[in-house]
Amino acid sequence: SQTIHQWPATLVQPVGSPLSLECTVEGTSNPNLYWYRQAAGRGLQLLFYSVGIGQISSEVPQNLSASRPQDRQFILSSKKLLLSDSGFYLCAWMGRRVNNEQFFGPGTRLTVL
Amino acid sequence: AQSVAQPEDQVNVAEGNPLTVKCTYSVSGNPYLFWYVQYPNRGLQFLLKYITGDNLVKGSYGFEAEFNKSQTSFHLKKPSALVSDSALYFCAVFSGGSYIPTFGRGTSLIVHP
């Protein structure tokens, strides 16, 4: 069966510090991968998606970046965090058929102080 | 372009009563429709989907949804609500050939004992 992992679960970082969040998927190959941010427990904002290794599409211009160094690994990074980067970050994967549902990781709660 | 509307920020229902969470959509072409549930500080969990076929779709935890093409709606329903159903519910839509879903803003369901 497929599983998706995210770490860390919670993170408190000062403004201006770097960020690295990691997401890995097990039990599937060549998945589509997604990073979302959820603010205030409500709507999802798509940040990045990837259809393959090294292929990253950005949906929202900001100080975040993403990388996919391996087929089932997706990393969200920042060189300098802003207060507005605080939120709940969710990674998700989807199989290759376009009508598949997404499977979400447990999330990372990021607080920037 | 595709869009999803969840017109209610919050739905309140008494335990044992039927519940409905509303969703309307707009897409070019045939819609692929999904419902997800999110419990506090957790990732989203897939509930059910409509791709084609029977307009009434049954999913996890006793939930069902009815696809109505003329009204472009995909309302989530359950005949008898449980307190444990209290959570945030998201409707999502794909259009054909897209790997990027559009999510609604979410509806908070509160089931009172």
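The chains referred to below are lettered A, B, ... by the order of the sequence lines, with proteins before strands, and numbering in each begins at 1. Worth saying up front: this structure is predicted, and the values here are computed from it rather than measured.
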Flag for A:Glu26-A:Gln2: side-chain donor and acceptor within less than 3.5 Å: no
Does a side chain donor of either A:Glu59 or A:Gln45 reach within less than 3.5 Å of an acceptor in the other side chain? no
So do the side chains of [X] and [Y] get within less than 4.5 Å of each other, counting heavy atoms only?
| X | Y | value |
| --- | --- | --- |
| A:Arg68 | A:Ile75 | no |
| B:Gln10 | B:Leu88 | no |
| B:Val57 | B:Lys49 | no |

Answer with side chain, backbone, both or neither: which region of A:Gln6 has an atom nearer than 4.5 Å to a non-hydrogen atom of chain B? neither
Side chain, backbone, both or neither: which part of A:Tyr36 has a heavy atom under 4.5 Å from chain B? side chain
Are the side chain of A:Ser50 and the backbone N or O of A:Gln55 linked by a donor-acceptor pair below 3.5 Å? yes
Could you name the residues of residues 73-82 of chain B that have a heavy atom within less than 4.5 Å of a heavy atom in chain A? none
Close approach to chain A in residues 102-113 of chain B, criterion heavy atom under 4.5 Å: B:Phe103, B:Arg105, B:Gly106, B:Thr107, B:Ser108
Verify the ring-centre separation between A:Phe48 and A:Trp35: is it less than 6.0 angstrom? no
Residues B:Ala87 and B:Val37: closest non-hydrogen pair is CB-CG2, 3.5 Å
Check A:Asp85 against A:Leu110 and note the closest heavy-atom contact, atom names and distance. O-CD2, 3.6 Å
Answer yes or no: does atom CG of B:Asn12 have more than 12 heavy-atom neighbours from other residues, nucleotides or ligands under 6.0 Å? yes
